[in-house]
Every structure is written in C-alpha cells, then in structure tokens.
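Take a look at the structure below.
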Amino acid sequence: MAVIPVALAGRAYDVVIEEGLLARLAVAAAPFLKGYAGGRRVPFVADTNTHRLYADRLNADLAAAGLTAEWFVVEPGEEAKSWRVLEQLCDWLLALGVTRKDHVFALGGGVVGDLVGFACAIAKRGCGFVQLPTTLLAQVDSSVGGKTAINTRAGKNLIGAFHQPAQVLIDPLVLGTLPDREMRAGYAEVLKYGLLGDAAFFAWLEANGNKVLAREPAALEHAIATSIAMKAQIVAADERETEDLRALLNLGHTFGHALEAETGFSDRLLHGEAVALGMVLAAKYSARRGEISAADATRAEAAIAAAGLPARLAALGLTCDGAALVDHMRHDKKAEGTTLPFLLLRALGEAYVARDVDLTDIAAFLDAELTA
Ligand code: GLY
C-alpha cells in the first residue's frame with residue numbers, strides 16, 4: 001500500500017494505491033461518504049464497461065454501509081466529454097440534490113474523470129469528487145492534479161477547470177481486465193516520468209517494464225507510486241501550469257497532439273501511443289540540437305519500442321508532410337501567440353521547456369522522420 005499526499009494549501013488530498021481498494025470502497029472512502037448518512041444516495045458516474053464490471057460489487061458494499069449508489073452511465077469514448085453529456089450529468093446531479101459538501105464518484109478512465117471533475121467544478125459552484133481510475137493512464141496521470149475538461153468543436157480539452165479531487169483511490173487489480181493495448185498506452189505516461197525527471201526510474205523501467213506490463217503486483221505498484229509521487233510534487237509546486245514546472249508533464253505531447261490530430265483522434269493512434277512516439281521525436285530533436293547524444297535518443301526509442309509502443313514515425317504510414325503536422329501544433333492550446341514551447345531533453349531524466357524552437361526546422365525534421 002502507498003499513500004501519496006498532494007500538498008496543495010487548502011485543497012490537499014491523498015492518492016491511495018492498494019490492491020482490492022474498490023472492493024471495500026465504503027471503508028476506503030469513508031470520510032467522503034459521511035455526508036450521506038441517513039440513507040442518502042451517493043452519485044456514481046461510470047461508462048458502460050466499468051458499470052458492468054464493478055456496479056454490483058459497489059452497490060453491495062455501499063448497501064452494507066447503509067448507503068445507496070445511484071448511477072449515471074455514459075458510453076465509453078471521447079464523445080462523453082461533450083456539452084450534451086455534461087448538461088445531462090449536471091441536471092442529474094441537481095435532481096439528486098447534490099450539495100457542495102457531497103462527493104461524486106468517478107469510476108472509469110480519463111474520459112469519465114475529466115467529465116465528472118468538470119461537472120463537479122460547476123455544479124452548485126463546486127462540489128466534491130473522488131477519482132476511482134480504472135485505466136493505467138488515468139491512474140498515473142489524469143486522475144491526479146485537477147485538470148478537468150470537455151471537448152468542443154474547437155478542439156480537445158479547451159473548456160474546463162482546475163478542480164482538485166478530494167481523494168484518488170487506485171486499485172491496481174482493476175488493470176487485470178484492461179486490454180493490453182490500453183495498458184501499453186498508459187505505460188507510455190509511466191515512461192514519461194522517467195524521461196522527464198528521474199533517470200534512475202527510467203533505468204528501472206528499462207529493466208522491469210515487462211513486469212509492469214505483465215501486471216506483476218510489486219512492479220506495477222512501484223511504477224504507479226513513483227509516477228504519482230513525481231506528479232504530486234510537480235502539481236503541488238505549479239498547480240495551474242503558470243511556471244514551466246507542470247509543463248514538463250507535457251513531454252511528448254506537442255508532437256503527439258499533432259499526430260493525434262492528423263489521425264483524427266481515433267483508435268488508429270491512442271493518446272498514450274501518440275505521446276510515446278512524441279517522446280521519441282522529442283528525444284531525437286534534442287539530439288539534433290546537440291542537447292543529448294544520439295545514443296541517448298536511441299535508448300529512449302528502444303525503451304518505447306520494447307514496450308510495444310509506436311517508436312517510428314515512418315511506420316505510421318501518414319500521407320502528410322512535416323508542415324501539415326506543424327500546422328496542427330499551431331492549434332495546440334499550449335501555443336503562445338506565434339511561438340510554441342517544446343518539451344525537450346537535456347539528458348535522459350531531465351526535460352526542459354525550449355522557447356527558441358524554429359517551426360520551419362521542426363517541419364524539416366519531421367519530413368526526414370516521415371520517410372526514415
Ligand atoms: N497531464 C498533464 C498534467 O496533468 O498537467
């Protein structure tokens with residue numbers, strides 16, 4: 001078991017990692033269920049998959065504690081992060097009579113967590129929520145740190161709020177039913193922590209990544225806990241990404257976002273896969289600038305390829321050129337006027353924000369990578 005505090009003044013909370021947490025939620029989340037004494041109904045939001053897998057057990061566990069779980073179930077996929085579903089969810093919460101003292105439970109991956117977090121940021125001007133992340137990606141990244149959002153016609157995650165959960169409960173056992181492809185996509189974010197800030201963790205992942213992907217309990221818990229400890233530290237120091245610190249968590253994301261946009265944000269390239277390839281490109285571009293050695297860039301690429309993640313841009317079979325990918329980057333929400341900060345590497349385990357990157361040079365670099 002690991003308990004990792006996210007030390008935000010006035011909004012501090014714990015991330016708890018322990019096998020079997022979900023099966024004893026009434027005890028694990030007891031402080032956030034107190035308000036529901038007297039038979040009040042506890043709101044749970046899930047997608048059809050997590051509802052099918054866990055609702056019966058949670059209903060029984062809560063019933064034994066004298067509580068009734070009420071469910072709002074969305075279809076799996078990004079479509080749930082929409083104005084339409086947000087409106088339905090807010091109406092449902094208001095009809096349930098949710099108050100600012102109450103907590104809504106988000107059971108699912110990043111989509112459910114982002115949707116619930118944003119609904120809870122605005123319902124009654126802010127009520128509480130507890131994250132119960134069920135994908136590796138949500139466990140090591142999106143459930144921690146308070147970024148919440150929906151997608152709109154203008155792009156992904158452009159409407160949202162910083163709204164911190166009251167608690168994050170991570171049960172690694174739930175990853176047993178996660179498809180391997182999604183497990184690998186989440187693992188890309190684990191590798192990200194090693195590459196951006198912890199060379200020893202990166203080396204540990206090079207040696208033990210196969211155990212993490214095979215869900216070996218000790219390796220998995222170590223990987224999740226180390227990732228979250230770094231994220232908690234960064235979020236506590238730069239909650240709203242106003243310094244360059246939280247931005248480090250975007251390593252691989254600028255290249256990755258362009259690849260997701262070019263592939264239509266579809267199953268062709270999952271977010272974590274795009275981040276993986278984005279990190280290879282960030283490492284290779286850092287080598288092109290002479291900031292890391294070619295051997296280090298190759299090491300980063302090898303760790304990503306060894307996890308079965310996409311590591312070669314040419315292998316994606318895109319028909320666009322580098323300029324088209326750069327054009328997608330210009331619409332990235334991290335764009336600052338006409339410039340775009342890039343997350344690059346000074347070493348394996350040391351990322352930094354570069355603001356002097358010439359987008360014409362990025363396009364030329366990508367042209368070469370598209371055919372390499
Ligand atoms: N996923 C990046 C962040 O939470 O800042």
Side-chain angles (χ1 to χ4, degrees), residues 1-8 11-19 21-22 25 28-29 31-32 43-47 49-51 53-54 58 74 76 78 80-81 89 103-121 127-150 156-157 160-175 177-178 182-183 185-190 192-193 220-221 223-236 239 241 246 249-250 253 270-272 275:
M1 178 190 181
V3 179
I4 299 161
V6 182
L8 287 159
R11 297 175 311 296
Y13 58 95
D14 283 340
V15 181
V16 185
I17 307 163
E18 191 179 6
E19 284 199 349
L21 268 186
L22 215 50
L25 187 74
F32 307 104
F44 277 78
V45 183
D47 64 30
N49 293 326
T50 54
H51 181 262
L53 288 166
Y54 305 112
L58 287 169
V74 301
E78 288 284 325
K81 285 174 59 173
L89 175 54
H103 291 83
V104 182
F105 287 74
L107 175 70
V111 167
V112 169
D114 281 10
L115 171 72
V116 172
F118 188 41
C120 291
C127 59
F129 73 115
V130 172
Q131 291 271 25
L132 307 173
T134 56
T135 64
L136 182 59
L137 193 136
Q139 292 186 347
V140 298
D141 185 27
S142 58
S143 68
V144 179
K147 280 190 180 175
T148 73
I150 58 165
K156 275 185 73 175
N157 295 332
F162 286 96
H163 187 52
Q164 299 291 342
Q167 188 185 38
V168 182
L169 295 177
I170 295 178
D171 183 348
L173 282 183
V174 301
L175 301 180
T177 55
L178 193 68
E182 280 198 51
M183 189 72 190
Y187 180 74
E189 299 275 0
V190 175
K192 181 188 79 176
Y193 292 102
L220 188 55
E221 182 170 324
I224 296 172
T226 308
S227 300
I228 290 174
M230 188 184 301
K231 180 148 190 185
Q233 199 185 358
I234 288 173
V235 168
E239 181 184 6
E241 208 169 302
R246 186 162 184 167
L249 297 173
N250 297 327
H253 283 61
L270 302 179
H271 174 70
V275 168

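Residue numbers start at 1 and run along the sequence shown.
- In terms of the side-chain contact (heavy atoms from CB on, under 4.5 Å) criterion, residue partners of Ala106 (sequence neighbours excluded) are, by chain and number, Val112, Val116, Gln131.
- Nearest heavy-atom pair, Asn49 versus Pro76, reported as atom, atom and distance to 0.1 Å: ND2-CG, 3.6 Å.
- Minimum interatomic distance between Tyr193 and Val140 (heavy atoms only, all atoms of both residues): OH-O, 2.6 Å.
- Contacts of Phe129 classified as ring-ring contact (aromatic ring centres under 6.0 Å, His included), with partners at least two apart in sequence or in another chain: His163.
- To the nearest 0.5 angstrom, Leu137 atom CG is 9.0 Å from Glu182 atom CD.
- Few gaps surround CD on Glu18; more than 12 heavy atoms of other groups in view lie less than 6.0 Å from it.
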>> side-chain contact (heavy atoms from CB on, under 4.5 Å), that's the test. Do Asn157 and Lys147 meet it? Break it down for me.
In response: CA-CA 9 Å; Asn157 295 332; Lys147 280 190 180 175; over 6 Å; no
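- Ile170 is not listed as a side-chain neighbour of Leu21, based on a closest heavy-atom distance of 4.5 Å or more.
- Checked against Leu175 for a side-chain contact (heavy atoms from CB on, under 4.5 Å), the options Thr177, Leu173, Leu178 give a single hit: Leu178.
- Shortest non-hydrogen contact noted between Ala29 and Phe105 is CB-CE2, 3.7 Å.
- Results of the side-chain contact (heavy atoms from CB on, under 4.5 Å) test with Leu115 over Asp47, Leu89, Thr148 single out Leu89 as the only residue that passes.
- Once rounded to the nearest 0.5 Å, the distance linking CG of Leu107 with OG1 of Thr134 reads 6.0 Å.
- For Val174 against Gln139, the heavy-atom pair with the smallest separation is CG2-NE2, 3.6 Å.
- Ala225 and Ile4 make their closest contact through O-CD1, 3.4 Å (heavy atoms, listed as atom of the first residue, atom of the second, distance).
- In this structure, Glu19 CD and Glu221 CD are separated by 7.5 Å, a value rounded to the nearest 0.5 Å.
- The structure places CG of Asp141 at 6.5 Å from NE2 of His271, a figure rounded to the nearest 0.5 Å.
- Within the 4.5 Å cutoff, no side-chain heavy atoms of Tyr54 are placed close to those of Leu25.
- In this structure, OG in Ser227 is found 7.5 Å from CG in Leu136, a value given to the nearest 0.5 Å.
- Here the closest heavy-atom approach between residue Pro43 and residue His103 is recorded as CD-O, 3.7 Å.
- Listed by chain and residue number, Glu78, Ala80, Lys81 satisfy the side-chain contact (heavy atoms from CB on, under 4.5 Å) test with Val111 (two or more places apart in sequence, or in another chain).
- Between the Arg246 side chain and the Val235 main chain, no donor and acceptor come within less than 3.5 Å of each other.
- Remark: the backbone N or O of Gly146 is paired with a side-chain donor or acceptor of Gln164 at under 3.5 angstrom.
- Rounding to the nearest 0.5 Å gives a distance of 9.0 Å between CD1 of Ile234 and NZ of Lys231.
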